[in-house]
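Throughout, numbering of the chain's residues begins at 1 and tracks the sequence. Read the numbers this way: they start at 1 and go in the same order the structure lists the ligands and their atoms.
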Amino acid sequence: EEVSMYRIELESLKVKGKDCPKPVKAWSQCGLSSKVMDVIKKNGYEKPTPIQAQAIPAIMSGKDVIGIAKTGSGKTLAFLLPLFRHVLDQPEIGPEDGPISLIFAPTRELAIQIYNECRKFCKPLKLRTVCVYGGSGVSEQIADLKRGAEIVVCTPGRMIDVLAANSGRVTNLRRLTYLVLDEADRMFDMGFEPQVMKIINNTRPDRQTVMFSATFPRQMEALARKILTQPIEVQVGGRSV
Ligand code: ADP
Ligand code: MG
């Protein structure tokens, strides 16, 4: 029976860190706007998955969060839904302003997947999102960034290029207050740590940072300490499967 299955799934949730809010059971407990709820319903997402049930209230509480759950468990919405609320809570961006939120993905395919999920919500919310990745022309990405976007999804190498382009006049990180590292394990397996750090070192120290990964091997802890402040760790299933 479905309700008890859900209870069993939630029992595999582990939480580390101080003052973590309780997991939610329904979307109605997530503090989402009616426009966000409409998109969720339209897509047939009946209730939060276990990682969403715990990570969404943790992120909404304003804390840095490390979310660990296997592929296919719904990590994208776990960081996107709090992202939309964060962005909508900020004053509108002006013509010279860079993004309020930045999402790192290790590959162009993953960046595009996140971007497509993000776009479903951006239209009704009247937000703009741009996807910045290598292996395709940079000029269109630069033009989109210059028009302004609250949300940027990127791969690290190309993001460094556009930040440096035109003496730094294409975009900037001055208003960046919500940073996401998705598929963090792959990011570091692929050797992108220096590029990610180069960008993060130019962001505001008062930003909120969340990191999602299928696994969280010991070697990643040092990196997590560098970029997250007193994080809550939310884990569904094992830490390194
Ligand atoms: P992960 O990043 O953990 O690999 P994704 O975020 O890509 O997982 O989600 C996997 C699939 O599950 C996607 O097709 C997504 O649309 C779907 N999904 C996400 N959240 C829910 C939900 N609450 N209910 C049903 N399906 C969902
Ligand atoms: Mg994912």
Between the main-chain N or O of Ala105 and the side-chain N or O of Asp182, is there a donor-acceptor pair closer than 3.5 Å?
no

Side chain proximity check, Phe121 to Asn43, heavy atoms < 4.5 angstrom
no

Residue Lys70 vicinity, atoms of ligand 1 by number, heavy atom under 4.0 Å
3 (O)

Hydrophobic cluster membership, with links at side-chain heavy-atom distances under 4.5 Å among I/L/V/M/F/W/Y: are Leu173 and Leu181 in one?
yes

Look only at interatomic distance and state if Gly74 has a nitrogen or oxygen under 3.5 Å from any nitrogen or oxygen of ligand 1.
yes

Spell out, as yes or no, whether a donor-acceptor pair under 3.5 Å connects the side chain of Glu150 to the backbone of Val87.
no

Do me a favour and list the nearest non-hydrogen protein atom to atom 4 (O) of ligand 1 with residue, atom name and distance?
Gly72 N, 2.6 Å

Can you tell me if Arg186 uses its side chain to pair, donor with acceptor, with the backbone of Ala214 under 3.5 Å?
no

If the cut-off is 4.0 Å to any non-hydrogen atom of Thr71, which atoms of ligand 1 fall inside it?
4 (O)

If we only count N/O pairs under 3.5 Å, is Pro48 in contact with ligand 1?
no

List every atom of ligand 1 that sits less than 4.0 Å from any heavy atom of Thr49, numbering the atoms from 1 in the order shown and giving each element.
21 (C), 22 (C), 23 (N)

State whether any protein heavy atom lies less than 4.0 Å from atom 13 (C) of ligand 1.
no

Per-atom contacts, ligand 1 versus Lys47 - under 4.0 Å to a heavy atom:
22 (C), 23 (N), 24 (N)

Donor-acceptor contact below 3.5 Å, side chain Asp185 vs main chain Thr215
yes

Closest heavy-atom pair and its distance - Pro124, Val39:
CG-CG2, 3.8 Å

Is there a side-chain contact between Leu163 and Asn202 (heavy atoms, below 4.5 Å)?
no

Give a yes or no on whether Tyr133 and Leu80 share a hydrophobic cluster (residues Ile, Leu, Val, Met, Phe, Trp, Tyr; joining criterion: side-chain heavy atoms under 4.5 Å apart).
no

Which ligand 1 atoms, with their elements, are less than 4.0 angstrom from a heavy-atom of Ser73?
1 (P), 3 (O), 8 (O)

Would you say Lys120 has any N or O atom under 3.5 Å from an N or O of ligand 1, going by distance alone?
no

Do me a favour and list the nearest non-hydrogen protein atom to atom 19 (C) of ligand 1 with residue, atom name and distance?
Gln52 NE2, 3.7 Å

Where is the nearest protein heavy atom to atom 25 (C) of ligand 1: which residue, which atom, and how far?
Tyr45 CD2, 3.6 Å

State the atoms of ligand 1, each with its element, that fall below the 4.0 Å cut-off from a heavy-atom position in Trp27.
23 (N)

Tell me whether Lys75 has any N or O atom under 3.5 angstrom from an N or O of ligand 1.
yes

Checking the side chain of Lys25 only, and the main-chain atoms of Ala53 only, is there a donor and an acceptor separated by less than 3.5 Å?
no

Mark up the atoms of ligand 1 that fall under 4.0 Å of a heavy atom belonging to Thr76, in ascending order.
2 (O), 5 (P), 6 (O), 7 (O)

